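Just below is one structure, and these are the notes that go with it.
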Amino acid sequence: MNNSDESNELEGKVDTNSRNKTQSNDYAETVEQKTQDIAASVGNLISKRRQIWEITLNVIRRSWWMILAIGMIMWASADPGVLNLFLLGISFIGRLLFAVLFMVVQFGALFWFISRTRTVVVKPGDDKQVTFDDYWGQPALLRLVKQWISLLGDRDKFVEMGGQYINGLMLFGEPGTGKTLLAKAMAGEAGIAFMSVEGSTFRGMFWGMDTLKMMTFVKKARKLAREYGACIAYIDEIDAVGMSRGGVMGGGQMSGMMGGGMMNGALTRLLYEMDGISELSRMDTLKARIRKMLGKEPVKRDWHVLFMGSTNRPDVLDPALLRPGRFDQIIKVDRPDRVGRKAIVQGYLSKINHDVAIDVDAIVADTPRATPAQVMSAITKDSVRRALFANREYVKQEDIDQAIQEQLVGMANPIEDMDPVLLRQVAYHESGHAIVQHYVMPDQRISRVSIVRRSSGTLGYMLPVDTVEMYGQPLRRIVSRIMVALAGHLAVKVFMGEFWTGATGDYNMARMEFRNLAVHGFFGPPVSELYRDVKELQFSDERVERIWVSLEDQIEKMLVEHADEVEALVERLLERRDLSNKEVLELLGKNSLQLAQDEGVEMESVLEQIGTSVEGLEYKRRQAKITASKVDSDTTKTTNS
């Protein structure tokens, strides 16, 4: 019994101890929890006070001027002296702010004004719009550009196929070949807007103005493209803005606060705009976001800007401008050939009142290698002026002939009281050119011989024209040109007994032609000069002098042989002062080409008189075939008989 009681008593003590321990643990947890709650409350209180303090400081920092103003107003209302001082301060600050605002507005207006570029805009339907029907003489060139123009005019299928437009076309060629007119015709043919600007207009008075002008130009082009579906942004004489920046290809580095320099900013901006021309502008991006917020699909872009540039100096352009992705296509606009010139002459004749008897072929023959601008000026400007002052309402052949002469050698500026001996010397000089020209270069036609002074400074001239478009020539034709150049000076010596001045241009031409012969191996291969640049080549004077003297001897013999013709031509020049081709040929004998034509010689080309030598294999093989054909024909006749 005692044992069981003791065990029960022990178990009760253990339960009491465990119970006490559990209660103490609960109490500790409760105290810790209350401590944490108190700490959190204190932290929140401190945080709220700190936030209130920070908000107060922010309000004071942002509105201190308002608090100060309220304090000043209260102080000023209490003291009239402070009020006067306060009003003076406000007046001074107001004037200062007005002056600053006025300067900002003034400079803003100034920069806006000087950043404007003088652009020519031609919109579809304008009276000054031109198409391919107004661009004559270059059919192959038109076929080349028609593909891209058709894509600008009909864009839907091209875009659906995933096609990407070219960014630019670069036109290069000699002045007056019709680069600007081609760009305008491309825009008119596609029915899109055209905007052109001259390259030098991007030059600004202040640094950075060229960049601003370029930005304005491209912005206008984008606006026109959105309105009409596409726009051609044309920069004439683009070398003024696109010259090489490294100084290696003709560019240079010049800049300053007052402008000038090489307009590198405009070029850099142009490159940037061409690279990003297909990207959305800020306004387009904003509109797309608004449509997206409204649950609508963004409007697909359906416009394009095609940049075009023209230059007659493609070698100085920056390489970055000509890489693919910018000016993708480079097109040469060359002088028109004979067929092209005929189309140009007929086109401009259709725009003026003219005699129906005008010989178009004669005009074409008298304008070899002429540019479309020269033909246009001669027909629509100079010839009409001459007809008007001759009291006629239509243009005659003589008007156009004289207008062409004015384009080539300058306007007539005769010397009324020129000494007879001086005038005779000029006549002998030009007659010498004409005689040798007629006999040694039968492939050319003497268009006119004149001893009337021209505005270019020449006292007279003999004008030969090619009867065949020349894109290559035998070297002996160059020798013939040298003989023609030397003939005027030698004619004066032969007929007047001594040399006169007035042959500087002829001798310079002869030296250039001798150099041309040397470069093409006429004097033998210049092996010792291979390391030199072509412009620095030096050739043996001994070889050149020997041939020069030989040519002079041949010229003198020819002049003596045809002395009667020289004298007849001189007398007619002194009488008429100006002779046409027909009038010259009446006084001269027949050359080798005319004799061959009279004999009925079959010729593939007039160049056979100078371009096919009897020493050539082609001539020998052809003669052998002709001989064999004759033998076969004779054999057949003998057999039949």
Side-chain angles (χ1 to χ4, degrees), residues 337-338 341 359 361-369 408 429-450 461-488 490-491 506 509-510 513 516-517 520 522 547 550-570 572-573 579-616 618-619 622-623:
D337 57 14
R338 178 182 291 270
R341 288 200 309 278
D359 189 350
D361 292 329
I363 298 174
V364 173
D366 283 345
T367 54
R369 303 292 296 167
L408 297 177
H429 185 105
E430 302 307 330
S431 297
H433 285 311
I435 294 296
V436 177
Q437 170 72 40
H438 178 68
Y439 287 106
V440 305
M441 297 193 71
D443 60 299
Q444 286 189 324
R445 183 172 67 89
I446 299 175
S447 174
R448 192 165 294 271
V449 181
S450 174
Y461 64 94
M462 185 278 301
L463 184 63
V465 294
D466 290 324
T467 57
V468 177
E469 301 290 316
M470 300 297 296
Y471 302 99
Q473 59 184 333
L475 294 187
R476 57 178 169 155
R477 192 172 188 268
I478 301 178
V479 175
S480 299
R481 285 214 301 266
I482 295 174
M483 294 179 67
V484 174
L486 299 177
L490 292 174
D506 294 335
M509 182 181 296
E513 297 294 1
N516 198 5
L517 288 175
H520 287 88
F522 187 82
I547 296 180
S550 174
L551 292 179
E552 285 187 344
D553 292 340
Q554 295 180 46
I555 294 168
E556 290 189 9
K557 291 179 181 178
M558 184 177 298
L559 292 173
V560 172
E561 180 181 353
H562 299 280
D564 292 340
E565 297 170 35
V566 174
E567 294 288 359
L569 192 55
V570 168
R572 187 64 60 85
L573 279 173
L579 302 178
S580 65
N581 171 261
K582 183 179 180 181
E583 293 170 328
V584 172
L585 293 182
E586 290 175 353
L587 304 174
L588 304 182
K590 293 186 177 182
N591 56 30
S592 59
L593 176 62
Q594 293 170 330
L595 292 174
Q597 291 173 340
D598 291 345
E599 294 173 2
V601 177
E602 295 183 2
M603 292 182 291
E604 184 180 7
S605 167
V606 295
L607 295 180
E608 289 186 13
Q609 292 294 312
I610 62 168
T612 304
S613 173
V614 294
E615 301 297 328
E618 187 271 343
Y619 178 82
R622 184 165 43 135
Q623 291 301 117

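Only a predicted model underlies this, so the values are computations on that prediction, with no experimental measurement involved.
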Does Leu593 reach the side chain of Asp443, with side-chain heavy atoms less than 4.5 Å apart?
no
Spatial distance of atom CD (Glu513) from atom OG (Ser480) [nearest 0.5 Å]:
10.5 Å
State the NE2-NZ distance between His562 and Lys557, to the nearest 0.5 angstrom.
13.5 Å
I'd like to know whether CG of Asp564 has more than 12 heavy-atom contacts from other residues, nucleotides or ligands below 6.0 angstrom.
no
Between Arg341 and Val364, the two heavy atoms sitting closest are NH2-O, 3.1 Å
Non-hydrogen side-chain atoms of Val449 and Leu573 separated by less than 4.5 Å:
yes
Would a 4.5 Å heavy-atom cut-off, applied to side chains only, mark Arg477 and Gln444 as touching?
yes
Would Tyr461 and His433 count as a side-chain contact (heavy atoms from CB on, under 4.5 Å) if you check the C-alpha gap in whole Å, the side-chain angles of each, and the deciding distance to 0.1 Å?
CA-CA 9 Å; Tyr461 64 94; His433 285 311; over 6 Å; no
Correct closest heavy-atom pair for Gly589 and Gln594 would be O-OE1, 3.7 Å
Would you say Glu430 and Leu569 make side-chain contact, with heavy atoms under 4.5 Å?
no
Val465 and Asp366: which non-hydrogen atoms are nearest, and at how many Å?
CG1-O, 4.0 Å
Could you check whether any side-chain N or O of Arg572 sits under 3.5 Å from a backbone N or O of Leu579, counting only pairs where one atom can act as donor and the other as acceptor?
no
Look up atom CG in Asn581 and atom CD in Glu586, then write down how far apart they are to the nearest 0.5 Å.
10.0 Å
Checking side-chain polar atoms at under 3.5 Å, does Tyr439 have a donor or acceptor matched by the opposite partner on Glu565?
yes
Measuring only between side-chain heavy atoms, which start at C-beta, is Ile547 closer than 4.5 Å to Ile482?
no
Whether the side chain of Glu599 engages the backbone of Ala596 through a donor-acceptor N/O pair (distance < 3.5 Å, no angle test) should be reported.
no
Heavy-atom closest pair, residues Ala568 and Leu587
O-CD1, 3.9 Å
Go through it in stages, so that I can follow the logic: the residues are Leu585 and His438, the test is side-chain contact (heavy atoms from CB on, under 4.5 Å), and I'd like the CA-CA distance, side-chain angles, deciding distance and then a yes or no.
CA-CA 9 Å; Leu585 293 182; His438 178 68; 3.8 Å; yes
Rounded at 0.5 Å granularity, tell me how far CE in Met558 sits from CG in Leu490.
11.5 Å
Distance (rounded to the nearest 0.5 Å) between Ser447 OG and Met462 CE
10.5 Å
Search all heavy atoms of Leu486 against all heavy atoms of Glu552 and return the closest pair with its distance.
CD1-CG, 4.3 Å
Is there a donor-acceptor pair closer than 3.5 Å between any side-chain N or O of Asp466 and the backbone N or O of Glu469?
no
If I take atom CG from residue Leu559 and atom CD from residue Gln554, how far apart are they, to the nearest 0.5 angstrom?
12.0 Å
Determine the minimum heavy-atom distance between Ile555 and Ala487, stating which atoms define it.
CG2-CA, 3.9 Å
